[in-house]
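Just so it is clear: chains get the letters A, B, ... in the order the sequence lines come, proteins before strands, and each one is counted from 1. Everything numeric in this text was worked out from a predicted model, so none of it was measured.
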There are 2 protein chains.
Amino acid sequence: MERFHPTLDDVALKAGVSRAQASRALRGDAGVNEAKRQQVQKAAAELGYRANAAARALASNRSSIVGVMIGEPMNPYHMEMASAISDELLRRGFDPAIQLGKVGQDMGLAETERLLNLRAEGAILIGTPHDLELLQQICARLPCVYLGSDVTHLGISCVLGDDEVGARAATDYLLGLGHRRVAHITGGGGAGAGGRRAGYRAAMEAAGLPALIHEGWFDLDGGRDGVNALMARPQRPTAIFCANDRIAIGAINQLRGLGYRVPEDVSVVGFDDSLDARSESLSLTSVHQPSGDFGRDTVALLEERLRSDGKDLPATARVVPVTLVRRGSSAPPVG
Amino acid sequence: MERFHPTLDDVALKAGVSRAQASRALRGDAGVNEAKRQQVQKAAAELGYRANAAARALASNRSSIVGVMIGEPMNPYHMEMASAISDELLRRGFDPAIQLGKVGQDMGLAETERLLNLRAEGAILIGTPHDLELLQQICARLPCVYLGSDVTHLGISCVLGDDEVGARAATDYLLGLGHRRVAHITGGGGAGAGGRRAGYRAAMEAAGLPALIHEGWFDLDGGRDGVNALMARPQRPTAIFCANDRIAIGAINQLRGLGYRVPEDVSVVGFDDSLDARSESLSLTSVHQPSGDFGRDTVALLEERLRSDGKDLPATARVVPVTLVRRGSSAPPVG
DNA sequence: CTGTTAGCGCTTTCAA
DNA sequence: TTGAAAGCGCTAACAG
């Protein structure tokens, strides 16, 4: 239970330099005799010195803290993003303050308050809040980058996957396999749902086929309801493009429950390429959103805004390329 | 972008009291004239004052930070626990420092270092690390409570569900429905897997039936492989008790993919009662582990240890009662 | 009940 | 390249 923590003075004393020099040496400041730097580092290591984050923040007036608000912690893909972002923040010397959202509830002012108390330098918002009013209130108090959809029209910088291109690729792929009745279960008003709907629409239109849309929502039950509705139509689809993997998983489950085989009777394609999609159990064809790239871009964008300090940069949207990954849940139609 | 932050001096000045009194008033210390307290609070509110967490930590020598290490962020049930714990910490005035584990990788010294830098008062470990050596190293440096299985023999306090009773209840329930060939897909060496295996064994033995165990692991693919193996046996099971919901989901999916109906041909029961289990899509019968209770017990246990300060309390195990929730994935056997 | 006085452990001028 | 000195914003004795 490391109760005693050596201070910088202890290190300085042991290394035979002043506290100021010890501080510089440890932080890699220029202007320190290389030999002394070694001495200081050695002394620090021997004492098991670890800088007190609070003292450092107070003295330097820089907390290094960046809030990470996770809208849906129960959505594994959100967590994959969060994980990538957290790693990237750490790599760049920031200290992530992760906040977990509640089911069916936007994150909001309470979380922002906490970040303000911590003197967070900025925040990254993963698909939350949905409420744009709230989003603007948060962004007015803290430099933010929003992840999931384009909100530049609100003056907010963001990073998003190329939803439209991804959706179009998925739909075109199904059409290319020979499917004609390709349906789409949407993510309703969720982050990215709009672009995916548009991409699907565009692909169907280009093929001269009618769009077959069921308005759903980003969850298992969205997929289940979508399948129930779509398969009850006189003209049953032979392929379904789902707005995310969770919908796709719910859809496959329901299809199989109804006695349809996947992919023999119905092909299913998802979006996100989450860990579950990649599992053998599902082997879900899906649009891959590279979480690593999202992490890097998001942090880079935030850092840029942080560095620009006061000067209001125009809101930027970074669009991350996405790619279709073909797996076992899709095949040409039979007959 | 709230660049300016009023300090306690600003508040004190405005309220016409000393800084010390302002501090006491704001923190709810006893020994402050009630009228003055009001004044101070009013002044603070008007100025938009928010205490600087770093300064407070430095001066009081109490960070209020508690680390929360999440072993499998991509496991929604882990996140449900984490969410409950985070809420409870906040409620009790702690500041959760959430750390996300990587797939297939224990959390370890690097994360501990970070907590030590933050001068965290303690840590809560959710199902990580698996490596007991590592676990002990972490707990030697920071007051910890482990969540998921009994590790009191290592001198570490922990909170866990009543795995054995839960597993027994699930198995007895299936037996009570009339099933004779009840199989179990285990969680391998994962947290809680041992108790669940034992509970299943005990129930089968009490019924005078042979145990039908497939050693799996806590993931979708564990369920898939388990089903493939079990359904290939000459004596196919008519019911499967899975060591967690993820296994159950993989199992159901695979069963349906193979053409079996659930629950008509095979009943499936899970463990955890995660959000997904409760969804209509799955309607999974499962052993409910109340995340709220886990959160409260875990934080209470940690707080107790924190208060006891130096005096080494003996390691305690808090066992949380669990209950079976019957849903659509289980039914009496046909024929 | 209240104010004064010291720091907490670090960074950062400012001179040397 | 170095050290001395002055705080960062707050809490916690200690007197009144």
Could you give the CG-to-P distance, from B:Asp9 to C:dT4, as a whole number of Å?
-> 11 Å
Would you list the atom pairs, donor with acceptor, under 3.5 Å between side chains in residues 126-139 of chain B and any protein atom, with sequence neighbours excluded?
| residue | atom | partner | partner atom | Å |
| --- | --- | --- | --- | --- |
| B:Thr128 | OG1 | B:Met107 | N | 3.3 |
| B:Asp131 | OD1 | B:Glu133 | N | 2.8 |
| B:Asp131 | OD1 | B:Leu134 | N | 3.4 |

For atom CG of A:Leu118 and atom P of D:dG9, their distance in whole Å | 16 Å
Here the distance between atom P of C:dC8 and atom CZ of B:Arg119, to the nearest Å, is 14 Å
Is the side chain of B:Asp293 donor-acceptor paired with the backbone N or O of B:Pro290 at a distance under 3.5 Å, no angle test?
-> no
Atom CZ of A:Arg62 and atom C1' of D:dG7 are separated, to the nearest Å, by 19 Å
In whole angstrom, what separates B:Leu47's CG from D:dG9's C1'?
-> 15 Å
Calculate the interatomic distance between A:Leu58 atom CG and D:dG7 atom C1'; express it in whole Å.
-> 9 Å
Contacts to DNA chain C from residues 10-30 of chain B, heavy-atom cutoff under 4.0 Å, which residues?
-> B:Val17, B:Ser18, B:Arg19, B:Ala20, B:Gln21, B:Arg24
Classify the nucleic acid contact of A:Ala57 as base, sugar-phosphate or nothing, counting any heavy atom under 4.0 Å across all strands shown.
-> nothing
Can you find a heavy atom in the side chain of A:Ile124 that is under 4.5 Å from one in the side chain of A:Met69?
-> no
Taking NE2 from B:His5 and P from D:dC10, how many angstroms apart are they, rounded to a whole number?
-> 11 Å
Ion pair present between A:Glu111 and A:Arg114, side-chain N to carboxylate O less than 4.0 angstrom?
-> no
What do the steps show when you test B:Glu304 against B:Arg307 for salt bridge (Lys or Arg N to Asp or Glu O under 4.0 Å), and what is the final call?
-> CA-CA 5 Å; B:Glu304 197 175 278; B:Arg307 266 200 314 268; 5.5 Å; no
Does a side-chain N-to-carboxylate-O contact under 4.0 Å join A:Glu34 and A:Arg37?
-> yes
In whole angstroms, how far is the P atom of C:dC8 from the CZ atom of A:Arg50?
-> 20 Å
C:dC1 phosphate, OP1 or OP2, under 4.0 Å from B:Lys36 side-chain N/O = no
Checking all strands, does B:Asn61 fall into the base, sugar-phosphate, or nothing category for heavy-atom contacts under 4.0 angstrom?
-> nothing
Salt-bridged, B:Glu113 to B:Arg141, with N to O below 4.0 Å?
-> yes
Toward the 5' end of DNA chain C, by each residue's nearest nucleotide, A:Ala55 or B:Glu34 = B:Glu34
